[in-house]
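Contents: one structure, followed by commentary.
The model shown is predicted, which means the values in this text are computed figures rather than measured ones. FYI, the numbering just counts along the sequence from 1.
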Amino acid sequence: MMTLVLAMVWHRRGQAVTLALLALLAVAAAVAAPAYLVAADRAVAAGQIATASTGELTLTVRATQDNQTREGPGDDFADLGGTLIALPGFTYYYSAETPTVGLERTDRYPSRLVFRQDVCAHVRIVAGRCLFGEGDVLLGEETAKRYGLAPGDDVTLSAATMDTSGGTPRFTAAGRPKTLIVAGVYRAVRPAETYWGRQGYFVGGPEIGSGEPVFTTAMTLPATDRTTTSMAIDGIAAPGTLDIGRLDALRAELNQLDRAAADLDQTLQIETDIPRLLDRIDEGRAAAHLLVPVLAVPLVLLACFSIHLTVGYGTQGRQSELAVVALRGARWWSRWWLATGESLIAVLAGALLGCLAGQLLTNAVTAVRFPGVGQTADWSSLRYAPVAALIALLAAVAAQRRQLTRQVAGLLRRTTAPAGRAPFGEAVLLVLALLAGGQLFLTHGSLTGIGLFAPAFVLLVLALLVSRALLPLLGRAAARALHRGRLGPALAGLQLTRRPGAARLFALLVAAAAVAGYAACAVDTAVRGRDTQARLSAGAERVLTVEPVSGRQLLAAVRAADPERRWAMAAAQISSGGEHPVPGLAVDTERLARVAIWPAGAPSVTEVANRLRPERVTPTEVAGPALAADVTSSVGRLRLTATVSSAAGEAVADLGELRQGRSTYRNQPDVCRAGCRINSLEISATGRDRVAGRLVLRGLGNQWLVSERGKLSEAPEGITLDVDLAPEYAETVRLRPAGVPDPLPVAYAGEAPAAITGLADEPVPVAGVVALPAVPSLGRDAFLVDLGYVGLLGSGTGSVPRAQVWLSAAAPADAIERLTAEGLTFADDTGAAAIRARLDRQGPALSLGFYLLAAGLATLLGVGALVLTVTVDRGRRTEDLVALRAQGLRRGPAGQATFWTYPVLVTAAVVTGVLVALVGWWVTGWALPLAGVHPPDLPLPGSPRAGVLLWWTAAILLPYLLAAVLGGRDLRRRIG
């Protein structure tokens, strides 16, 4: 019996090979999904580690010692901290620092005297030598230049203590001064290098210092009088420490470290963002584990469907053989084996090869998709192979159940009678689709439970329903063609609609094209979404984060670096404040159209810029270096201060207490040496009693607006100001330049705020003048305002919360050097390309590579089923058409019937399948997490581009047409 079955396989070896290939693809599809997920997990972890911040790659233990009271861990901190955080795979660096005065010519901030282990290996010595003995120091390049210091010079430093008795914090000397020798001058080559840990040595600004610490040796600090000493040990993760295989162990080690620190010493502080990195990796992997099954399930169902169809189709082709077996009265097991053995051997052989092919195919794909990361062979996915092989065998047996139970007369019939019972399988699939889709809708897109299979069930149900509806239409069209005498199209159409299994073949091809089309929808939508997200999240092609600086200084520096307004724009992130703060973006609207990436569907960027800055303001300019005010006052006990700014910075100039009568008051702020502008004037009262009087201000310009506690009027000799102030309530009168609109115009996405608090002494009322779908870099609930107006309304010289410089694609290569020359220091450099690269390495983007693999496998399954169908049909169709030729059928109609049957079939199926995919995407695609981990609130595209879908349709159709045309040519040759 086995010999006979093997002979049958050999006799129809073409069909057997095709069926084995289909079984191979079926099992390979089942193996490919888990295999791809294993590789994707590795790639997600590697991508997040590669783009991690310094805090996510370091572990820091800190302690502070009060050297005056001797409170703190003391000199044993290095041993204590090193023992505490001795985790494997980390390189540890010890550091200590103390605040000092004597180097900088200001008392607003101290100089940081720092010992950092191995510092000379991580800076460039531009003059002198590295540190050697006690008393050696390294100065920053800019600091040495600013104070004219060179190697060999002496500097005297004293311990610093903070004095707040005057209201404003000041740093004064405490302890004996110490003379130190400048051993060398350094330049920080890579300020963001992981080696520097979380210490922020090179962060500078008007209120915190130059961003260039004074480095010294380990012997110098103990020999120096100190007020406090801040000590730290930074653990830097070595390559491989955060490998995917160690993540769970590392999380356990960190948890144990927290418990040990709590038990050991309450003064020790442990800082690390490694758990946040681990959480992000887990979230990315979770997204991948949701997205891959979405298309893996319909792919496996399609594979089983293809095996069921092709086995059944092949069995129908040899019904006459089975009829002979049944007629001779063979026993049931012999009949069963002769009926199923040929198919089972082919399916089993293909399934065994599919186990290996699925893993090897995935390894090859991931080696290209995740070079150096995801190609490592992991055979754990083969645990699903036996289940897939068993399902394939069951599908093959189920496809032959009718031939095993039918009578001889039924087996000899070449056409099947219409089925009289309801399609039970399709009804069950429809119920499952409704349940899965309902859960997906009710859970607002949660891909859990049966909702995870909603796309699979929806695609297959739509393919079956559309196939049942279309084939009768093709049959009617064929009948009309026959009545009109068009024999070629009529015969082609009748072959499609009246052959046994034609409806299932059409449904299979539609389902295969639908799976590939759904993959196209997901991939293109995700690509567009990541591009939109990257561009709108950044706001510009390149975004530079500036060290703390005032808004007005930022404006002046950027305008000086790019006077032609072509490639740079100042920007700052602010907030509306209040109970429900709304994020805002203040930009230099004169450059908005040239630099910003504008959201689709928004009004013209030029229109928005014009409406945000309807009036130009011309502040009062001071030629410098002295600021002078000619004031006539009717009363005393009033104080006049002015806020001034220039490219050198901002300052508050105290012009002193006003005397009764006419006097001139002067001040020489450092920022006015080369000229400056007056941004605001403020009059306050001294003493305890209320002060009411009149002032006449000369030489300070005439274009001013006054706050509510004053009354302003113009006079020939200057401006007249009536004030009424109560010192006990700290009341003041503020003058700001005229021309700033009131209320302040803003563009908004979502809802416009009613006012902005914290910007000036009183809430600044705003008016929404134009609605946007999203504000660049902030999203769909934010506002946009002119930075120039914001700077003029500001009540002090403090830094903006987050100052930035946005650069367009036209920015020159030396853009940073030009901006640095204007006094700006940068802490970060990112942009649309950097964000896009980060999104491309997250779980959603990486998992979509499986969709391309699934599209290819689905197309191969459809092509294989078509090839087997053509092979089985070839004999019967040849007999039918030869008989018709003998009855007088002309060669032309016969050729049309043979050549165009399958091309018409596959074209209709692929086009229908892509339309089914679009409907399925509309029903379920909105639930797929394509936008990355924690996506911003941005208007992302939800559908693919029509042009891309056309290209995908052509790519899917091409292999089908090739198989169909070759099959048609072979059949036409046979009847020729």
Side-chain angles (χ1 to χ4, degrees), residues 54 93 95-106 108-133 135-157 160 178-197 199-217 220-221 544-549 553 557 560-561 647-649 670-671 673 803 805 813-829:
T54 298
Y93 297 96
S95 64
E97 66 176 273
T98 187
T100 63
V101 294
L103 176 62
E104 299 287 348
R105 305 296 189 259
T106 179
R108 289 183 298 169
Y109 50 81
S111 299
R112 301 172 67 176
L113 183 62
V114 176
F115 163 71
R116 179 76 177 177
Q117 187 176 349
D118 294 342
V119 68
C120 288
H122 297 273
V123 296
R124 179 181 299 167
I125 306 299
V126 297
R129 58 173 174 82
C130 193
L131 300 169
F132 181 74
D136 283 356
V137 294
L138 287 178
L139 296 184
E141 185 177 20
E142 294 300 323
T143 302
K145 184 186 302 183
R146 185 166 59 251
Y147 297 119
L149 296 172
D153 292 342
D154 293 341
V155 293
T156 301
L157 299 180
K178 183 175 180 61
T179 301
L180 304 170
I181 299 174
V182 179
V185 178
Y186 74 88
R187 178 188 303 159
V189 182
R190 297 169 56 196
E193 184 182 4
T194 311
Y195 159 79
W196 300 109
Q199 307 306 323
Y201 291 128
F202 307 108
V203 177
E207 305 297 329
I208 59 177
S210 63
E212 290 185 327
V214 179
F215 290 112
T216 189
T217 62
T220 303
L221 287 181
L544 308 175
T545 301
V546 184
E547 297 288 3
V549 68
Q553 186 178 359
D670 291 340
V671 298
R673 291 178 180 177
V805 178
D814 63 341
I816 293 183
E817 288 75 9
R818 296 189 192 186
L819 293 164
T820 303
E822 299 299 331
L824 299 181
T825 305
F826 301 104
D828 194 15
D829 183 356

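Enclosure of atom OH in Y147 by more than 12 non-hydrogen atoms of other residues, nucleotides or ligands within 6.0 angstrom is indicated.
In this structure D814 satisfies the side chain to side chain donor-acceptor pair (under 3.5 Å) test together with R818, sequence neighbours excluded. Residues meeting the side chain to side chain donor-acceptor pair (under 3.5 Å) test with E142, sequence neighbours left out: none. Applying the salt bridge (charged side-chain N to carboxylate O under 4.0 Å, His left out) criterion to E212, with sequence neighbours excluded, gives no partner residue. Checked against ring-ring contact (aromatic ring centres under 6.0 Å, His included), Y201 has the following partners two or more places apart in sequence or in another chain: W196, F215. By the side chain to side chain donor-acceptor pair (under 3.5 Å) test, D829 pairs with R542, sequence neighbours left out. In this structure, R124 has no side chain to side chain donor-acceptor pair (under 3.5 Å) partners at least two apart in sequence or on a different chain.
Aromatic ring orientation, H122 versus Y93: perpendicular (interplanar angle above 60°, classes split at 30° and 60°).
Considering all non-hydrogen atoms of both residues, R129 and F132 come closest at NH1-CB, 3.6 Å. Scanning both residues, P151 and G184, for their nearest heavy atoms gives CG-CA, 4.2 Å. Among all heavy-atom pairs drawn from R112 and Q199, the shortest one is NH2-O, 3.2 Å. Taking every heavy atom of both residues into account, E141 and V185 meet most closely at CA-CG1, 3.5 Å.
In this structure, V123 and V189 have side chains that are not in contact, with every pair of non-hydrogen atoms separated by 4.5 Å or more. Under the 4.5 Å side-chain criterion, counting only non-hydrogen atoms from C-beta, F826 is in contact with I816. Side chains of L113 and P213 form no contact here, defined as non-hydrogen atoms less than 4.5 Å apart. Here the side chains of R146 and R105 are not in contact, with every heavy-atom distance at 4.5 Å or above. At least one side-chain heavy atom of V155 sits under 4.5 Å from a side-chain heavy atom of V182. Between L138 and C120, the closest side-chain pair of non-hydrogen atoms falls below 4.5 Å. Side chains of D136 and L180 form no contact here, defined as non-hydrogen atoms less than 4.5 Å apart. Residues L139 and L103 meet the side-chain proximity criterion, which asks for heavy atoms closer than 4.5 Å.
Here the CD-CG distance, from E104 to L157, works out to 10.0 Å after rounding to the nearest 0.5 Å. Put simply, OH on Y186 and CG on L131 are 10.5 Å apart, with the number rounded to the nearest 0.5 Å. In this structure, L221 CG and S95 OG are separated by 10.0 Å, a value rounded to the nearest 0.5 Å.
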*Begin from the C-alpha positions of K178 and T220 and carry the test side chain to side chain contact (heavy atoms under 4.5 Å, CB included) through to its verdict.*
CA-CA 10 Å; K178 183 175 180 61; T220 303; 4.3 Å; yes

_Run I181 and V137 through side chain to side chain contact (heavy atoms under 4.5 Å, CB included) and show every step you take._
CA-CA 6 Å; I181 299 174; V137 294; over 6 Å; no

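Remark: side-chain polar atoms of T100 are not paired, donor with acceptor, to backbone N or O of A160 under 3.5 angstrom.
Cation-pi geometry between R190 and F202 is not met at under 6.0 angstrom from the ring centre and within 45 degrees of the axis.
For the side chain to side chain contact (heavy atoms under 4.5 Å, CB included) criterion with L544, the lone passing option out of L824, L819, D828 is L819.
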